[in-house]
Colleague: 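Would you mind keeping the following structure in view while I ask a few things?
All residue numbers refer to positions in the sequence shown, counting from 1.
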Amino acid sequence: MMDTRHCQAFLAAAETGSFELAAAQLSITPSAISQRIAALETALGSPLLVRSRPCRTTAAGQRLLVHLRRSRLMEEEFLAGLHDEPAPLRVPIAVNNDTLDTWLLPGIADFLQRERLTLDIVLDEQNYTYALLEKGEAVAGVSSEAKVMRGCVVQPLGVMRYRMLASPAFAARWFPRGFERAAALQAPVLVFSRKDRLQSDFIQAELGLMPGSYPMHHVPASAAFLDAVKLGLGYGMVPVEQYGSALETGELIDLVPGKFTDVPLYWHAWRVQSPALERLGQAVVAAARRSLLPP
């Protein structure tokens, strides 16, 4: 059995990145934090933290961090259930920006209020949320990765379909003869972040242009990204769930009709789940299947 005080010291140091902050959190001295972590490392026979600034976990430490966060959530849920008016249970989940900005919160709002759950949302691109789960920064999440990580289960949610959109004025100025290579070398593209490959993959597939060969705006917020497209600042990939009826009303136009990019989404969670996390997963899956294209 691992010593509880040793585990608390390791968890505090791993989450704060500092022995001093961990000591303040636990109301002990930094020396005591160091001694407890060293004792835990001796007991487990493996180094758990790299003593850098900030300190960071080793591979073994990362696995322990995931285990301790999982245990903490289940303990908090158990203790909350002992009271007639339990405190809200906090659940850290990883999601991508487009999911957060469209279907997720409307789909699970009633559930969260009924269950008295609070979310600690960690944001990243859908291709990268998987890494947040692997590192233990979230206990569940939405990812475009179908691979099941060790100790977890995965459920398909559905598909977000992206089309290359622009305002009518932008299309008339930059693509008067359609989506052509020469025009695309000059027209500014909207990119969500430097991790975002939706635009570059589509342009490379359709026109053979490599990333970096055309001008780009970086707009790292889903709502602002759509606003920038509507304002004619650039063109970019927008999900159906976000642009709504803008194509039918003529507010936006599809630069490459009939061509789109489908991004499948999956819900990842621990195989051994607390009841609250299991119910949250069921609510997320139900919300996705009401809003997204079938998986």
Colleague: Examine Tyr162 together with Phe202 and report whether their ring centres are nearer than 6.0 Å.
Modeller: no
Colleague: Check each of Glu251, Arg163, Lys230 against Tyr243 using the side-chain hydrogen bond (donor to acceptor under 3.5 Å, both in side chains) test, and report the only one that passes.
Modeller: Arg163
Colleague: Would you find a donor on one side and an acceptor on the other, under 3.5 Å apart, between the side chain of Glu180 and the backbone of Ala182?
Modeller: no
Colleague: For the pair Arg173 (side chain) and Ala187 (backbone), establish whether a donor and an acceptor sit closer than 3.5 Å, ignoring hydrogens and angles.
Modeller: no
Colleague: Hey, what do you get for CG (Leu104) to CD1 (Ile93), rounding to the nearest 0.5 Å?
Modeller: 5.5 Å
Colleague: Dump the intermediate steps for side chain to side chain contact (heavy atoms under 4.5 Å, CB included) on Val153 and Val148, then the final yes or no.
Modeller: CA-CA 6 Å; Val153 293; Val148 185; 5.6 Å; no
Colleague: In terms of relative ring orientation, are Phe225 and Phe192 parallel, tilted or perpendicular, with 30° and 60° separating the classes?
Modeller: tilted
Colleague: Walk me through whether Arg36 and Asp3 qualify under salt bridge (charged side-chain N to carboxylate O under 4.0 Å, His left out).
Modeller: CA-CA 9 Å; Arg36 292 180 185 184; Asp3 186 285; over 6 Å; no
Colleague: Check Ala146 against Val154 and note the closest heavy-atom contact, atom names and distance.
Modeller: O-CG1, 3.9 Å
Colleague: Would Leu231 end up clustered with Trp174 when hydrophobic side chains under 4.5 Å apart are linked, directly or stepwise?
Modeller: no
Colleague: Between Met237 and Val219, is there a shared hydrophobic cluster once you connect ILVMFWY residues whose side-chain heavy atoms come closer than 4.5 Å?
Modeller: no
Colleague: Kindly give the heavy-atom pair with the smallest separation between Leu247 and Leu252, and that separation in Å.
Modeller: CD2-O, 3.4 Å
Colleague: Using 0.5 Å steps for rounding, measure from the CZ atom of Arg90 to the CG atom of Leu117.
Modeller: 12.0 Å
Colleague: Does the pair Val263 and Asp98 meet the rule for a side chain to side chain contact (heavy atoms under 4.5 Å, CB included), with working shown?
Modeller: CA-CA 11 Å; Val263 177; Asp98 287 341; over 6 Å; no
Colleague: Give, for atom SG of Cys55 and atom CD of Glu20, the distance between the pair rounded to the nearest 0.5 Å.
Modeller: 9.0 Å
Colleague: Please report the closest heavy-atom contact between Ala184 and Leu209, naming both atoms and the distance.
Modeller: CB-CD1, 3.7 Å
Colleague: Should Leu226 and Leu165 be marked as a side chain to side chain contact (heavy atoms under 4.5 Å, CB included) after you check the CA-CA gap, both sets of side-chain angles, and the distance that decides it?
Modeller: CA-CA 9 Å; Leu226 179 60; Leu165 305 185; 5.7 Å; no
Colleague: Can you tell me if Arg56 uses its side chain to pair, donor with acceptor, with the backbone of Val50 under 3.5 Å?
Modeller: no
Colleague: Out of curiosity, Leu198 CG to Thr261 OG1, how far, rounded to the nearest 0.5 Å?
Modeller: 6.0 Å
Colleague: Is there a donor-acceptor pair closer than 3.5 Å between any side-chain N or O of Gln242 and the backbone N or O of Ser222?
Modeller: yes
Colleague: Apply side chain to side chain contact (heavy atoms under 4.5 Å, CB included) to Arg51 and Phe19, showing your working.
Modeller: CA-CA 9 Å; Arg51 272 67 168 178; Phe19 282 26; 3.8 Å; yes
Colleague: Is there a donor-acceptor pair under 3.5 Å between the side chain of Thr249 and the backbone N or O of Ala246?
Modeller: yes
Colleague: Among side-chain atoms of Ser31 and Gln35, is any donor-acceptor pair under 3.5 angstrom?
Modeller: yes
